[in-house]
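Data block below; observations after.
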2 protein chains.
Amino acid sequence: MAKSPSKPITEHLAYLLAQANREINRQLDARFRKEGVPVEQWRILKVLSDGKGHSMGELAEAVLLNHPTLTKMVDRMVSDALVYRVQDADDRRKVLMFSSDRGKALTQRLNSLALSQEAFIAENYGDKATADLKRLLEGLIEKAN
Amino acid sequence: MAKSPSKPITEHLAYLLAQANREINRQLDARFRKEGVPVEQWRILKVLSDGKGHSMGELAEAVLLNHPTLTKMVDRMVSDALVYRVQDADDRRKVLMFSSDRGKALTQRLNSLALSQEAFIAENYGDKATADLKRLLEGLIEKAN
DNA sequence: TGGGAATCGTTGAATATTCAATATTTTCCA
DNA sequence: TGGAAAATATTGAATATTCAACGATTCCCA
């Protein structure tokens, strides 16, 4: 008896997520191109835009990067004067990250590029579908943790 | 007037996709751990499991890897005797990739690990939600291309 | 039919990420 | 309270990815 063909890769949730993620990220990266900033740096800047001071661990969690990767990305951003480090006085193991004025200005320009992408997607893909997709993704993430 | 706070990062579609993708991929990777194979190699093996011979370009597209990255990953897989290269007789610029017997056996073990993950997700997250999510992702990908 | 342009895959150098080990500080409890 | 264990961030070496350039082959049309 012949071996039954297995489900094609394109029908796996993991693959669909990877594909969608890649495509949307590509489009966003293309918009960010003129600012010369990768998507991860936008996420960092955005989290820091509350002006509050976030530890590296907290940031790593929030921007989906592991610690050493974040450390090195932050090094680059410090060189570019977008963010700066302050040792936490209450717990001196920690480093608190802040956005500089230059970083804040960049954040606003990136935010508006990102919003325009979201608007573009909602327009082409449909408001309802977009909202449904977001809701389902939130649910999946919640269950997965 | 104070600047209005911008939408939090967690409400952006791009972020939700990245987060969900990361989490699902992590879980899949954990299951693949005992076989010592990254998710990308499973994708490659799965595409090759039709026994037909796929060019590098075709493969790169199918498994969401760019050409140089795929070349080097295939190099490793050839070393592990999972796949092999054959020059295309009809167009000698092309290289056709095939799965070895060893590769095919591994593919089956990985397929069953992947299926068990999908079953786990469907169970915890709900059959309907999973199906809806897949459908919406397919739609998004289609629009995006 | 000759030869420039396009396609396909690989390579090497530059860059980025990851893993394991480290230094520092804090926590906890015997 | 002393000191082992845990938490935090960084570093360096190993690994992986990306970018630009290349070599080989095929396509196309003047």
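Note on naming: letters A, B, ... go to the chains in the order of the sequence lines (proteins, then strands), and numbering restarts at 1 for each one.
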| said: What is the separation between atom CG on L70(A) and atom C1' on dT10(D), rounded to the nearest whole Å? | reply: 11 Å
| request: Report the residue (D75(A) or D91(A)) whose heavy-atom-nearest nucleotide on DNA chain D is the more 5′ of the two. | output: D91(A)
| query | Could you give the CZ-to-P distance, from R33(A) to dT18(D), as a whole number of Å? | reply | 13 Å
| Given dA7(D), dT26(D), dT10(D), which nucleotide is nearest the side-chain atoms of R93(A)? | dA7(D)
| request: Considering just the side-chain nitrogens and oxygens of R76(B), establish if one lies under 4.0 Å of OP1 or OP2 belonging to dT17(D). | output: yes
| task | With side chain to side chain donor-acceptor pair (under 3.5 Å) as the test, would you mind laying out the steps for N66(A) and T69(A) before giving the verdict? | result | CA-CA 6 Å; N66(A) 57 22; T69(A) 304; 2.6 Å; yes
| Nucleotide dT11(D), atom C1' - distance to CE of M56(A) in whole Å | 13 Å
| message | Using whole Å, what does the distance between atom C1' of nucleotide dT11(C) and atom CG of N66(B) come to? | response | 14 Å
| task | Can you figure out which of dT11(D), dT25(C), dT17(C) approaches the side chain of P68(A) most closely? | result | dT11(D)
| Crowded around K7(A) NZ? As in, over 12 foreign heavy atoms under 6.0 Å? | yes
| In terms of the nearest nucleotide of DNA chain C, which residue is placed more toward the 5' end: A89(A) or H67(B)? | H67(B)
| Has R92(B) got a side-chain N or O lying under 4.0 Å from the OP1 or OP2 atom of dA24(D)? | no
| said: If I compare all heavy atoms of S99(A) with all of K104(A), which pair ends up nearest, and what's the gap? | reply: OG-N, 3.4 Å
| query | Roughly how many Å is it from NZ in K94(A) to C1' in dA7(D), rounded to a whole number? | reply | 9 Å
| Do the ring planes of F32(A) and W42(A) sit parallel (below 30°), tilted (30 to 60°) or perpendicular (above 60°)? | perpendicular
| Quick one: R85(A) CZ to dT11(D) C1', roughly how many Å, whole number? | 12 Å
| Can you tell me how far CG of L137(B) sits from OH of Y15(A), rounded to the nearest 0.5 angstrom? | 12.5 Å
| Whole-Å distance between dT18(D) P and D29(A) CG? | 11 Å
| request: Would you please confirm or rule out a distance under 4.0 Å between OP1 or OP2 of dT11(D) and any side-chain N or O of T71(A)? | output: no
| task | Tell whether K72(A) reaches the base of dT18(C) with its side chain through a donor-acceptor pair below 3.5 angstrom. | result | yes
| query | Pick the nucleotide of DNA chain C nearest each of D90(A) and T69(A); which residue has the one closer to the 5' end? | reply | T69(A)
| In whole angstrom, what separates M73(B)'s CE from dT11(C)'s P? | 16 Å
